Student: 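Structure in structure tokens, see below.
Numbers restart at 1 for each chain; the letters A, B, ... are given by sequence-line order, proteins then strands. Quantities reported herein were computed from a predicted structural model and do not represent experimental measurements.
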Protein chains: 2
Amino acid sequence: MDEPRWLTDAEQDVWRTFVTMLGALGDHMDRQLQRDSSMPYTYYEILVVLSHAPNRMLRMSELAGLRGSSRSRLSHAVARLEAQGWVERRECPTDKRGSLAVLTDAGFAALAAAAPGHVTTVREAVFDRLSPEQVRDLGRISAAILDGLDPDKTLPGCRELG
Amino acid sequence: MDEPRWLTDAEQDVWRTFVTMLGALGDHMDRQLQRDSSMPYTYYEILVVLSHAPNRMLRMSELAGLRGSSRSRLSHAVARLEAQGWVERRECPTDKRGSLAVLTDAGFAALAAAAPGHVTTVREAVFDRLSPEQVRDLGRISAAILDGLDPDKTLPGCRELG
DNA sequence: CCGAGCAAGTTGAGAGTTCAACCAGTAGAC
DNA sequence: GTCTACTGGTTGAACTCTCAACTTGCTCGG
């Protein structure tokens, strides 16, 4: 195993702060939604994506793709959302293997009820604390990182144990 | 429920990108560590913190505080790490309620084996993709967000249903 | 000393995620 | 047509995290 390029002290500082913020922010958002609307953040996002889709309806795999979620995760999640009456499954007419997830009226109502509190939380936690330049920077930084993650899913040159 | 200040289109874009990056990066880091070193990222971080502590030993609550983790979570995690032989629990001599978590030699070795791959992943996923200014910005932005999250743990003015 | 209250940790149940295995249905090659 | 390979989606077990009890021990006013 070759020595990797270790992080400088400054980089370590940034990484620690970043990772801590990541965890704390995730917890914060999750707790707010769970407390006020009885749903985890990931489920909220599923409802959001469905609400924007034509006829509030999407194939499972499209939904998974748009959310960056695994098929399995989505399947479990939709099962739960279906049990709550917020989503319905329907057969796909053009491909008998497929399933369609449809947002119900109850689901739309739940989303509408959850949205204001969620947006307020996002605003207070993030946008109200950053300057316009920082917001712009955050967008670019996020895009740059995401760009390197999205395509491959697997690590480039990191597999040479032995 | 008053109308919240909704996000502008630009803010929504940033938020979506940011959140997507958050999830993808977390998955990426977790998967790498799980695959190459059979531990989730949160456990890796516990080992790191312990390895920096005097005598590689910390009170459970200190460890939880340093990691921003709940007592319960840490207790479960240490139980698991203990079963793997990477950490040991000891009684606290000054407070019989307390527990000390101690990093074992095996734990230190596991950490040493995991570190290079982890650092390489961090470098490739984040630091190699950002300019020095962006790295600095990321640190400041993270600190600003964290700053608003750390103290209260509860939402400021977001509880007025009815 | 004693009791009330608080702090440190653990535990168990419930919920979400992952991974690997698994059906079913589609698509191409022949 | 049929055989094979692949895709869409589900399922079950193992694992982690959360939340709410619960146990134990410390602390401090009386």
Student: Would A:Val19 and B:Val119 show up in the same hydrophobic cluster when neighbours are defined by side-chain heavy atoms closer than 4.5 Å?
Tutor: yes
Student: Please tabulate the protein-to-nucleotide N/O contacts below 3.5 Å involving nucleotides 2-4 of chain C, giving atom names and distances.
Tutor:
none

Student: CE of B:Met21 to CD1 of A:Ile145: how many Å apart, nearest 0.5 Å?
Tutor: 4.5 Å
Student: Keeping to residues at least two apart or across chains, list the salt bridge (Lys or Arg N to Asp or Glu O under 4.0 Å) pairs with something in residues 71-88 of chain A.
Tutor: A:Glu82-A:Arg89, A:Glu88-A:Arg90
Student: Taking atom P of C:dG16 as reference, at what distance in whole Å does atom CE of A:Met29 sit?
Tutor: 17 Å
Student: Where do B:Ser142 and A:Thr17 come nearest, in terms of heavy atoms and distance?
Tutor: CB-CG2, 3.8 Å
Student: N/O contacts under 3.5 Å, protein versus nucleotides 7-11 of chain C?
Tutor:
{"unit_1": "C:dA7", "atom_1": "N3", "unit_2": "B:Arg97", "atom_2": "NH1", "d": "3.2"}
{"unit_1": "C:dA8", "atom_1": "OP2", "unit_2": "B:Arg71", "atom_2": "NH2", "d": "2.8"}
{"unit_1": "C:dA8", "atom_1": "O3'", "unit_2": "B:Arg59", "atom_2": "NH2", "d": "3.3"}
{"unit_1": "C:dG9", "atom_1": "OP1", "unit_2": "B:Arg59", "atom_2": "NE", "d": "2.7"}
{"unit_1": "C:dG9", "atom_1": "OP1", "unit_2": "B:Arg59", "atom_2": "NH2", "d": "3.4"}
{"unit_1": "C:dG9", "atom_1": "OP1", "unit_2": "B:Ser99", "atom_2": "N", "d": "3.2"}
{"unit_1": "C:dG9", "atom_1": "OP1", "unit_2": "B:Ser99", "atom_2": "O", "d": "3.3"}
{"unit_1": "C:dG9", "atom_1": "OP2", "unit_2": "B:Ser61", "atom_2": "N", "d": "2.8"}
{"unit_1": "C:dG9", "atom_1": "OP2", "unit_2": "B:Ser61", "atom_2": "OG", "d": "2.7"}
{"unit_1": "C:dT10", "atom_1": "OP1", "unit_2": "B:Arg89", "atom_2": "NH1", "d": "2.5"}
{"unit_1": "C:dT10", "atom_1": "OP2", "unit_2": "B:Ser75", "atom_2": "OG", "d": "2.9"}
{"unit_1": "C:dT10", "atom_1": "OP2", "unit_2": "B:Arg89", "atom_2": "NH1", "d": "3.1"}
{"unit_1": "C:dT10", "atom_1": "O5'", "unit_2": "B:Ser75", "atom_2": "OG", "d": "3.4"}
{"unit_1": "C:dT11", "atom_1": "O4", "unit_2": "B:Ser72", "atom_2": "OG", "d": "3.0"}

Student: Which residues within residues 39-48 of chain A lie with some heavy atom under 4.0 Å of an atom in DNA chain C?
Tutor: A:Pro40, A:Thr42, A:Tyr43
Student: Restricting to pairs with a member in residues 17-29 of chain B, which pass salt bridge (Lys or Arg N to Asp or Glu O under 4.0 Å), not counting sequence neighbours?
Tutor: none
Student: Work out how much the helix from C:dC1-D:dG30 to C:dC30-D:dG1 bends between its end axes, five pairs an end, to the nearest 10 degrees.
Tutor: 10°
Student: Should we count CD of A:Glu91 as having more than 12 external heavy atoms under 6.0 Å?
Tutor: no
Student: Verify whether one side chain among A:Asp36 and A:Gln32 offers a donor that lies under 3.5 Å from an acceptor in the other.
Tutor: yes
Student: Just list the side-chain donor-acceptor pairs under 3.5 Å for residues 102-117 of chain A, sequence neighbours left out, or say none.
Tutor:
{"unit_1": "A:Thr104", "atom_1": "OG1", "unit_2": "A:Gly85", "atom_2": "O", "d": "2.7"}
{"unit_1": "A:Thr104", "atom_1": "OG1", "unit_2": "A:Trp86", "atom_2": "O", "d": "3.2"}
{"unit_1": "A:Thr104", "atom_1": "OG1", "unit_2": "A:Ala106", "atom_2": "N", "d": "3.4"}
{"unit_1": "A:Thr104", "atom_1": "OG1", "unit_2": "A:Gly107", "atom_2": "N", "d": "3.0"}

Student: Find the distance between CZ (B:Phe18) and CG (A:Leu22) and round it off to the nearest 0.5 Å.
Tutor: 6.5 Å
Student: Distance-only criterion, 3.5 Å: show the donor-acceptor pairs between side-chain atoms of residues 43-51 of chain A and protein atoms not counting sequence neighbours.
Tutor:
{"unit_1": "A:Glu45", "atom_1": "OE1", "unit_2": "A:Arg67", "atom_2": "NH1", "d": "3.2"}
{"unit_1": "A:Glu45", "atom_1": "OE2", "unit_2": "A:Tyr41", "atom_2": "OH", "d": "3.4"}
{"unit_1": "A:Ser51", "atom_1": "OG", "unit_2": "A:Val48", "atom_2": "O", "d": "2.7"}

Student: Could you pull out all donor-acceptor pairs under 3.5 Å where a side-chain atom in residues 53-66 of chain B meets a protein atom, sequence neighbours excluded?
Tutor:
none

Student: Under the salt bridge (Lys or Arg N to Asp or Glu O under 4.0 Å) definition, can you give me all pairs with a residue in residues 8-23 of chain B, not counting sequence neighbours?
Tutor: A:Arg123-B:Glu11
Student: Could you tell me from which nucleotide to which nucleotide of DNA chain D, 5' to 3', there is an atom under 4.0 Å from chain B heavy atoms?
Tutor: D:dC15 to D:dC26
Student: With rounding to the nearest 0.5 Å, note down the distance linking CE in A:Met39 to CG in A:Leu33.
Tutor: 6.5 Å
Student: State which residues pass salt bridge (Lys or Arg N to Asp or Glu O under 4.0 Å) with B:Arg5; sequence neighbours excluded, sorted by chain then number.
Tutor: A:Asp128
Student: What distance separates A:Gln84 CD from A:Ser38 OG, expressed to the nearest 0.5 Å?
Tutor: 7.5 Å
